[in-house]
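Heavy atoms only: backbone and side chains are in, while hydrogens, waters and symmetry mates are out. The structure displayed is predicted, hence computed values, not measured ones. Residue numbering restarts at 1 for every chain, and letters A, B, ... go by the order of the sequence lines.
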Number of protein chains: 2
Amino acid sequence: MISPESRRIVSRRTRPAKSPLSQEAIVSTALELLSREGMAGLSLRKVAAALDTGPASLYVYVADLNELHVLVLDRVLGEVELPPEQAGDWRNRLKALLRSYFGVLLARPGLAQVALSTIPSGPNMMALTEALLSLLAEGGVDLRRAAWAIDLLLLQTAAVAAEQDNRRSQDESELARVAEAVHSVSAEQHPNIHALGDELVSGKGDRHDWALDVLINGVLSTPRP
Amino acid sequence: MISPESRRIVSRRTRPAKSPLSQEAIVSTALELLSREGMAGLSLRKVAAALDTGPASLYVYVADLNELHVLVLDRVLGEVELPPEQAGDWRNRLKALLRSYFGVLLARPGLAQVALSTIPSGPNMMALTEALLSLLAEGGVDLRRAAWAIDLLLLQTAAVAAEQDNRRSQDESELARVAEAVHSVSAEQHPNIHALGDELVSGKGDRHDWALDVLINGVLSTPRP
DNA sequence: ATAGCAGACGAACGGCGTTCGTCAAGAACA
DNA sequence: TGTTCTTGACGAACGCCGTTCGTCTGCTAT
C-alpha cells in the first residue's frame with residue numbers, strides 16, 4: 001500500500017494546485033467524459049476519479065446524477081448556433097437552427113435521450129427557445145400557436161436524433177434482424193409493408209429535412225383550438 | 001441455514017409444478033413488474049426472483065436486458081386497438097389509433113423511453129405499422145410518402161408520451177423550478193418567453209391532439225423529395 | 001447401460017448511485 | 001489570541017445492478 005501522503009504529493013505534482021471543486025469543473029469533466037465514452041460511460045464515480053477525488057465529494061455541488069445530466073445538456077446546448085440573422089428567409093433560418101440543435105445532440109452518444117427525459121430550463125435552452133419563438137413570429141405564426149409549435153419542433157428533432165443515435169450505436173446484427181423481419185413479412189398478411197420493403201428501413205439524412213418541412217407546413221396550416 | 005432440499009419442497013408446495021421457465025413466462029413476469037414498479041424497477045434480478053430462480057437462469061431465453069425490454073415493448077403493443085374499420089373517416093381513425101398507441105405507452109411508467117431507444121420489429125409492431133400504412137393510403141397518401149410519415153407519427157407520439165411520463169414522475173419541485181425559470185426571465189432579454197409566461201409550461205392533453213393534426217396536415221401538404 | 005447435451009443456477013466480479021460519519025480548514029466571534 | 005460554528009471534502013460502506021463462469025442435474029439418443 002502506498003501511504004496517502006505520497007499519493008497526494010504525486011497527484012499534486014501532476015495537477016499542481018489540484019482542481020478546486022466546483023459545479024463548473026464537474027460539468028466540464030462530465031462533458032469530456034461524455035464526448036469520449038458517451039452517456040453510457042458517464043458516471044459520477046468516473047467524474048470523481050477524473051477530478052482525483054471520491055464520488056461523495058460531488059454531492060456538494062450536484063444533487064444527483066439526473067441533475068448532472070441536466071447541467072451537461074444545457075452546457076452543450078450553448079454550442080447550438082443561434083441566428084444567422086440575415087442569410088435566408090425565416091423558414092430556412094428556422095431549419096438551420098433546428099439542424100444545429102440536431103447536430104449538437106447527435107455529436108455525443110446518448111445525449112439525445114437526455115433531451116427526451118427532461119424539461120430543460122437552463123439559460124442556453126432559454127436562448128434557444130427565444131430564438132425559435134422569434135423566428136416563428138417572423139413567419140407570421142401568432143405567439144400562442146408558436147408556444148405549442150416549438151415544443152413540437154424540439155421534441156421531434158430530439159426524437160429523430162435519438163433514433164439515429166441508436167441506429168449508429170447498435171451492432172449491425174440488430175439492424176439486419178429488423179431488415180430481415182420487414183422482408184420476411186407475407187404479402188397477404190401485411191401487403192403494404194411487403195410492397196415497401198427496404199423503403200421503411202432506409203435511414204437517410206433527407207428524412208429529417210423532410211420532417212422539418214412537414215412540421216412547419218403543418219404548423220402554418222393548423223390553428224390552435 | 002436451511003438445507004436446499006427443504007427450501008425446494010416448500011417452494012414447490014407454494015407453486016406446485018414450479019413455473020417452467022420460458023421466454024413467454026419471463027416476459028409476462030417482467031410485464032407485471034413493469035406495471036407495478038415502472039421501468040426503473042424492472043431488473044433481471046427481480047424477474048428471476050419472481051420466478052423463484054437466480055438471474056443466471058434467464059440468459060437461456062433472453063440475450064440481455066435490452067432484449068427483454070424489446071420483448072416487453074412488443075408484447076405491450078399488442079394492446080393497441082387497431083382499426084375500428086368503420087366509425088369515422090380515415091383521419092379520425094388514424095388519430096384514434098395513435099391515441100391508443102399513446103395511451104398504451106403512457107400506461108407503464110418509463111415504457112415510452114424504451115419505444116424511443118429501439119427500432120422494434122416484433123409482430124405487434126408490424127401489425128401497427130401495416131394499419132398505419134393502410135390508413136394513410138386510404139387518405140390518398142402515396143406509399144413512399146406514407147413510409148416516411150409513419151415514422152414521423154410514431155416517433156412524435158412516443159416522444160410526447162415520454163415527455164408527459166417524465167412530467168408525471170418528476171417531483172413537483174422540479175416542475176416548479178422550470179416554471180420559476182420561465183417567469184423570472186427578463187422582458188428585455190427574452191421578450192417572447194416573457195410575454196408567453198405559463199403558456200409555455202402548461203401541459204394539457206389538447207396539445208397532443210393538436211400535434212397530430214399538425215403532423216397529418218403537414219404530411220398531406222409536403223411531397224417527398 | 002451409457003454418453004452427450006441442454007437447461008438450470010450458485011457464486012462471484014466489477015460497476016453503479018447514494019448516504020453516513022468523520023475530519024480539517026476557515027470564518028465569525030469573544 | 002482563543003474558541004466555537006460552519007461548510008466543503010471524502011473514506012467507507014450499503015444495497016442495488018447486469019453479466020459470466022463453472023458445475024450440477026435430468027433427459028434423450030444411442
Which protein N or O atoms sit under 3.5 Å from an N or O of nucleotides 23-28 of chain C?
none

Can you pull every protein N or O that's under 3.5 Å from an N or O on nucleotides 14-16 of chain C?
from, atom 1, to, atom 2, distance (Å)
dC16(C), OP1, S43(A), OG, 3.0

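The minimum heavy-atom distance linking S117(A) with Q170(B) is given by the pair O-NE2, 3.8 Å. Smallest separation of non-hydrogen atoms from M125(A) and D74(A): N-OD1, 3.0 Å. Summarising the geometry of L21(A) relative to S57(A), their closest heavy-atom pair is CD2-CB, 3.8 Å, with the distance given to 0.1 Å. L42(B) approaches H69(B) most closely through the heavy-atom pair CD2-CD2, 4.2 Å.
Environment of CD in E199(A): crowded, with over 12 heavy atoms of neighbouring residues, nucleotides or ligands closer than 6.0 Å. Annotation for E67(B): atom CD counts as buried by contact number, over 12 foreign heavy atoms lying within 6.0 Å. Shown here is Q189(B), whose CD atom has no more than 12 heavy atoms of other residues, nucleotides or ligands within 6.0 Å. Other residues, nucleotides and ligands place no more than 12 heavy atoms under 6.0 Å from the CD atom of E81(A).
R99(A) and T157(A) share no side-chain donor-acceptor pair at under 3.5 Å.
Look at CG on D64(A): it is 5 Å from P on dT18(C), rounded to the nearest Å. When rounded to the nearest whole Å, the span between CG of L68(B) and P of dC17(D) equals 13 Å. Atom CG in D52(A) sits about 9 Å away from atom P in dG11(D), given to the nearest Å.
Two residues are said to be in side-chain contact when any heavy atoms from C-beta on lie closer than 4.5 Å; E163(A) and L155(B) meet this criterion.
Within residues 54-61 of chain A, the residues approaching DNA chain C are P55(A), A56(A), Y59(A), by heavy-atom distance under 4.0 Å.
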